[in-house]
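Data first, discussion second: the structure below is written as structure tokens.
Numbered from 1 within each chain, the chains take letters A, B, ... in sequence-line order.
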There are 4 protein chains.
Amino acid sequence: MVQKSTQQHQSRPPAPSPTKPAPNSTRRSERSRRAIYEAALELVVELGYPKTTIEGIAARAGVGKQTIYRWWSSKADVLLEAFLDLFAQASREAGAEPYVIPDTGDLAADIKTVLRATVDQLKDPRYAAPSRALAAEGLVDEALGRRCAATLMEPSLQLYADRLHAAQEAGEVRPDIDPRIALEFFVSPLAQRWLQYTGPISYEYVDTLVDYALHGLAPR
Amino acid sequence: MVQKSTQQHQSRPPAPSPTKPAPNSTRRSERSRRAIYEAALELVVELGYPKTTIEGIAARAGVGKQTIYRWWSSKADVLLEAFLDLFAQASREAGAEPYVIPDTGDLAADIKTVLRATVDQLKDPRYAAPSRALAAEGLVDEALGRRCAATLMEPSLQLYADRLHAAQEAGEVRPDIDPRIALEFFVSPLAQRWLQYTGPISYEYVDTLVDYALHGLAPR
Amino acid sequence: MVQKSTQQHQSRPPAPSPTKPAPNSTRRSERSRRAIYEAALELVVELGYPKTTIEGIAARAGVGKQTIYRWWSSKADVLLEAFLDLFAQASREAGAEPYVIPDTGDLAADIKTVLRATVDQLKDPRYAAPSRALAAEGLVDEALGRRCAATLMEPSLQLYADRLHAAQEAGEVRPDIDPRIALEFFVSPLAQRWLQYTGPISYEYVDTLVDYALHGLAPR
Amino acid sequence: MVQKSTQQHQSRPPAPSPTKPAPNSTRRSERSRRAIYEAALELVVELGYPKTTIEGIAARAGVGKQTIYRWWSSKADVLLEAFLDLFAQASREAGAEPYVIPDTGDLAADIKTVLRATVDQLKDPRYAAPSRALAAEGLVDEALGRRCAATLMEPSLQLYADRLHAAQEAGEVRPDIDPRIALEFFVSPLAQRWLQYTGPISYEYVDTLVDYALHGLAPR
DNA sequence: CGTTAAGCGAGACGGTACGTCTTGTCTTAGT
DNA sequence: ACTAAGACAAGACGTACCGTCTCGCTTAACG
């Protein structure tokens with residue numbers, strides 16, 4: 001799924017714009033692309049996103065500026081692809097199935113497991129710095145924001161939706177619930193605390209979220 | 001003795017930072033401050049945050065750049081104060097109690113009322129543009145992010161916490177629920193959909209959030 | 001003569017411009033004036049003329065900027081008066097007749113004596129720095145340049161003219177010579193070497209100038 | 001000699017300063033350089049040197065500021081090169097031998113011819129304004145002053161020295177005279193009158209200078 | 001297997017905005 | 001009323017990047 005949407009972005013065979021010569025990707029230097037990914041991610045972690053410049057990325061990657069402008073349209077664009085690449089790479093290294101929500105038959109436990117892993121990842125600056133940077137840029141550039149949502153978040157969110165659907169069939173969740181809304185009870189509060197510093201993040205916190213969400217706030 | 005100690009002309013007892021002369025705020029031009037607020041908000045709405053520059057704000061406000069740098073440390077800093085001022089002004093104009101969650105005895109209805117008003121506000125570009133800009137900058141600048149959370153969001157969030165506490169005492173919410181976590185079921189999903197384009201926003205949507213949150217996802 | 005032209009500048013009793021309130025010089029702070037002179041001269045020696053700012057002078061003199069703008073029209077104006085004051089002060093301290101060309105009956109010897117003293121003075125940074133600064137500003141601002149010529153140089157030049165005139169009467173100089181031109185053979189080459197780095201300055205050099213000037217370049 | 005010192009300045013093979021990347025002059029835009037020269041000279045004539053700004057030069061030349069800062073170190077530096085270029089260009093246009101002192105066998109007449117041409121040039125604002133500006137800046141910035149002396153004045157002065165030397169061999173000038181000093185009797189008085197407004201400039205004046213200098217002030 | 005056109009590194013270019021500095025005016029207290 | 005202090009509008013400074021545009025030089029694809 002992730003791969004599909006990524007392909008969608010990278011392949012522009014029909015060359016829709018006649019003004020641009022449409023670079024020939026068969027001649028593209030793989031070496032440069034990797035170096036640019038690495039440099040971009042490193043600089044965002046080291047300097048923060050605003051101090052990361054295209055000139056800086058080019059310099060660290062040992063690459064001409066034009067090589068960046070030829071293949072990407074903006075700093076955020078570079079970073080988005082670099083981040084997707086990081087994910088793909090991490091997944092490949094982790095082997096097996098990296099991003100699947102387990103289904104042990106106990107929805108609460110399964111969701112907690114995944115959320116705890118997410119908490120760990122949010123605290124790793126290697127992931128946190130680029131994520132925040134992309135989220136920030138996406139807030140202000142709607143097109144980028146939608147692309148981030150579609151490529152970075154949508155695949156994961158769909159996993160939640162799928163797991164909730166399975167839970168509905170198992171009778172663990174009410175059949176009238178819309179999984180696309182229900183999943184937000186798990187991910188949105190965590191996302192907001194992380195992005196906007198509205199509260200601390202911990203295993204205990206995500207466990208509480210799951211319990212509250214499943215059983216409701218009202219007495220029964 | 002007296003003379004000798006007077007020679008010590010360099011003693012600045014409070015003076016925490018020796019580098020900045022700390023401008024005298026009693027002489028500050030109220031006229032300039034208001035003009036800067038207005039110009040900043042207008043430009044963010046018209047051009048978007050990234051194309052809003054300090055030079056542009058100064059020019060539109062009819063103010064020297066130094067007057068901005070004297071009183072604020074960054075573009076985001078200006079915008080935060082301008083936005084707070086906009087809120088304060090709006091509140092004053094609205095008169096009475098502008099930001100209180102009603103307590104009719106029906107928690108669900110009250111929360112829905114407030115969330116529907118929030119939905120309307122999120123769609124008003126006068127508020128939306130600066131909010132997104134500040135949120136974006138806060139993502140990448142932790143100090144600013146914490147200030148935004150504390151000054152812009154915390155007051156509203158506390159109102160939810162208070163209303164939930166009242167509902168607990170009225171028996172509408174389980175007594176073991178932490179209101180500071182519970183409130184996130186109402187605001188975080190909405191915030192995320194708005195900020196990250198993960199879904200559409202509507203009255204129906206927020207109503208659904210309230211129902212799901214109060215009664216839980218699991219069958220009872 | 002010097003006093004006359006100086007007075008001409010400082011006292012503006014008829015108040016020609018009705019827009020300016022024409023400061024009342026009787027209330028003027030003598031203390032501030034002296035402090036400004038000292039600060040200006042020190043800063044020009046320490047930092048050079050271009051890095052000497054009105055703000056810097058005010059700060060070192062412990063004086064408000066307005067006090068400078070009230071009484072002088074420009075940085076060069078301050079420096080010119082400060083320099084004239086330095087001269088007047090030095091003359092008073094030196095007592096007797098400070099600036100007279102001796103008349104021993106030997107024109108060559110007398111001129112050499114004075115020129116050697118001038119060489120010494122040109123090498124004293126206390127005089128050299130402000131002189132160069134004023135000369136520089138005068139090159140580019142004709143009004144100032146004429147005032148410098150009239151107040152700083154003219155008195156000295158007239159002394160040469162007078163001495164040459166006396167020499168004419170004594171038969172040491174041809175009667176058809178114009179002293180106002182002849183004196184330039186003594187002062188201009190020295191001035192140019194000093195101002196424009198076109199050659200070294202020494203006692204021997206000025207002695208040579210005098211000999212060449214008196215007896216001509218052509219064989220006799 | 002002149003060439004040697006010029007070379008010394010231009011060729012810096014050992015690259016003494018590691019901080020500056022030293023721009024690659026083979027890629028330099030000739031078009032920009034000429035436009036900058038023209039703009040600088042025009043602005044100095046129109047506005048005067050102090051009101052000529054680097055930003056103004058860049059704007060009129062249709063050039064980025066960095067293009068100026070990349071190749072020159074200061075406003076005066078630009079102007080010096082622009083002025084040298086103006087000279088070189090004028091010489092090329094004048095064809096033949098532009099700057100040679102004639103040798104008709106009559107030293108007095110030859111020098112008068114050249115000085116009269118100089119008087120004309122000093123009154124042409126196209127030359128006068130930049131000259132004064134450079135002289136002014138050179139007074140206050142010794143490095144620049146020496147460069148002006150070496151590049152602008154030295155070549156001309158050497159022509160006088162050469163002509164005087166020839167006159168010595170022809171018996172028109174005493175053999176014990178140092179031409180490097182003697183020439184100052186012709187150029188320095190004129191320079192001072194021009195630079196410092198110490199007197200009027202005319203053909204008659206320079207003729208008088210030549211006569212006085214050759215035959216001396218003393219009766220014979 | 002050599003030609004050739006592309007991508008490549010490098011970096012100069014016209015620009016824009018930065019944050020700082022200074023100018024000359026104006027305002028506020030203090031004496 | 002003049003002063004010390006300093007905020008103000010204005011605008012130049014020199015720097016950092018932007019995104020575009022050549023330059024030669026690899027280097028892969030096709031003829």
Side-chain angles (χ1 to χ4, degrees), chain A residues 21-29 31-32 35 51-59 61-71 73-75, chain B residues 21-29 31-32 35 50-56 58-59 61-71 73-75, chain C residues 21 23-29 31-32 35 50-56 58-59 61-71 73-75, chain D residues 21-29 31-32 35 50-59 61-71 73-75:
Chain A
N24 178 345
S25 52
T26 64
R27 297 211 172 194
R28 183 167 182 181
S29 162
R31 201 174 158 286
S32 296
K51 293 194 179 174
T52 297
T53 65
I54 292 201
E55 296 207 329
I57 294 171
V63 140
K65 285 201 291 178
Q66 197 57 37
T67 300
I68 296 183
Y69 285 110
R70 187 177 298 117
W71 302 107
S73 63
S74 69
K75 181 170 68 161
Chain B
N24 177 345
S25 52
T26 66
R27 304 220 170 179
R28 184 167 181 181
S29 162
R31 200 175 159 286
S32 296
K51 291 193 180 176
T52 297
T53 66
I54 292 198
E55 294 205 330
V63 140
K65 283 200 291 179
Q66 197 57 48
T67 300
I68 298 184
Y69 286 110
R70 188 178 297 118
W71 301 109
S73 63
S74 68
K75 182 169 67 161
Chain C
N24 178 345
S25 53
T26 65
R27 298 222 175 191
R28 183 167 182 184
S29 161
R31 199 175 159 285
S32 296
K51 292 194 180 176
T52 298
T53 65
I54 293 202
E55 297 208 328
V63 140
K65 282 200 297 177
Q66 197 55 43
T67 301
I68 297 183
Y69 285 111
R70 190 170 3 252
W71 301 107
S73 63
S74 68
K75 181 170 68 162
Chain D
N24 178 345
S25 52
T26 65
R27 303 223 171 181
R28 185 166 181 182
S29 161
R31 200 175 159 286
S32 296
K51 292 194 180 176
T52 297
T53 65
I54 292 199
E55 294 206 329
I57 296 171
V63 140
K65 282 201 290 180
Q66 199 57 46
T67 299
I68 298 184
Y69 286 110
R70 187 177 298 118
W71 301 110
S73 62
S74 67
K75 183 170 66 160

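- Position along DNA chain E of the nearest nucleotide to D:Thr67 versus A:Val63 favours A:Val63 as the more 5'-ward residue.
- Judged as a salt bridge (Lys or Arg N to Asp or Glu O under 4.0 Å), and not counting sequence neighbours, the contacts of C:Lys65 are C:Glu55.
- Applying the 6.0 Å contact sphere to CZ of B:Arg70 captures more than 12 heavy atoms from other residues, nucleotides or ligands.
- At distances below 3.5 Å, not a single donor-acceptor pair connects side-chain atoms of D:Lys75 with backbone N or O atoms of D:Thr53.
- When all heavy atoms of B:Ala61 and B:Ala35 are compared, the pair lying nearest together is CB-O, 3.5 Å.
- Side-chain contact between B:Ser25 and B:Trp71 is present, with at least one heavy-atom pair separated by less than 4.5 Å.
- B:Thr26 comes within contact range of no nucleotide atom at all, as no heavy-atom separation falls under 4.0 Å.
- Looking at which nucleotide of DNA chain F each of C:Ala58 and B:Arg28 is closest to, the 5′-most match is held by C:Ala58.
- In this model, the phosphate group of E:dA6 is not approached by any side-chain N or O of A:Trp71 to a distance below 4.0 Å at OP1 or OP2.
- Going from atom CD1 of D:Ile68 over to atom P of F:dG14 covers 11 Å, rounded to whole Å.
- By the neighbour-count criterion of 12 heavy atoms within 6.0 Å, atom CZ of D:Arg31 is sparsely surrounded, having that number or fewer from other residues, nucleotides or ligands.
- Nearest approach of A:Ser74 to A:Ile54, heavy atoms of both residues: C-CD1, 4.4 Å.
- With the end axes of the helix from E:dC1-F:dG31 to E:dT31-F:dA1 each set by five pairs, the angle from one to the other reads 10° at 10° resolution.
- Nearer to the 5' terminus of DNA chain F, by closest-nucleotide assignment, is the contact made by B:Arg27 (compared with the other of B:Arg27 and B:Arg31).
- Put simply, CZ on D:Arg70 is 16 Å from P on F:dG14, counting in whole angstrom units.
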Please write out each protein N/O paired with an N/O of nucleotides 17-21 of chain E under 3.5 Å, distance rounded to 0.1 Å.
from: E:dC18; atom 1: OP1; to: B:Ile54; atom 2: N; distance (Å): 2.9
from: E:dC18; atom 1: OP2; to: B:Ile54; atom 2: N; distance (Å): 3.2
from: E:dC18; atom 1: OP2; to: B:Glu55; atom 2: N; distance (Å): 2.9
from: E:dG19; atom 1: OP2; to: B:Tyr69; atom 2: OH; distance (Å): 2.6
from: E:dG19; atom 1: N7; to: B:Lys65; atom 2: NZ; distance (Å): 3.0
from: E:dG19; atom 1: O6; to: B:Lys65; atom 2: NZ; distance (Å): 2.6
from: E:dC21; atom 1: N4; to: B:Gln66; atom 2: OE1; distance (Å): 2.8

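- Scanning both residues, A:Ile68 and A:Ile57, for their nearest heavy atoms gives CD1-CG2, 3.9 Å.
- Comparing D:Gly64 and A:Ser32 along DNA chain E, the residue whose closest nucleotide (by nearest heavy atom) sits nearer the 5' end is A:Ser32.
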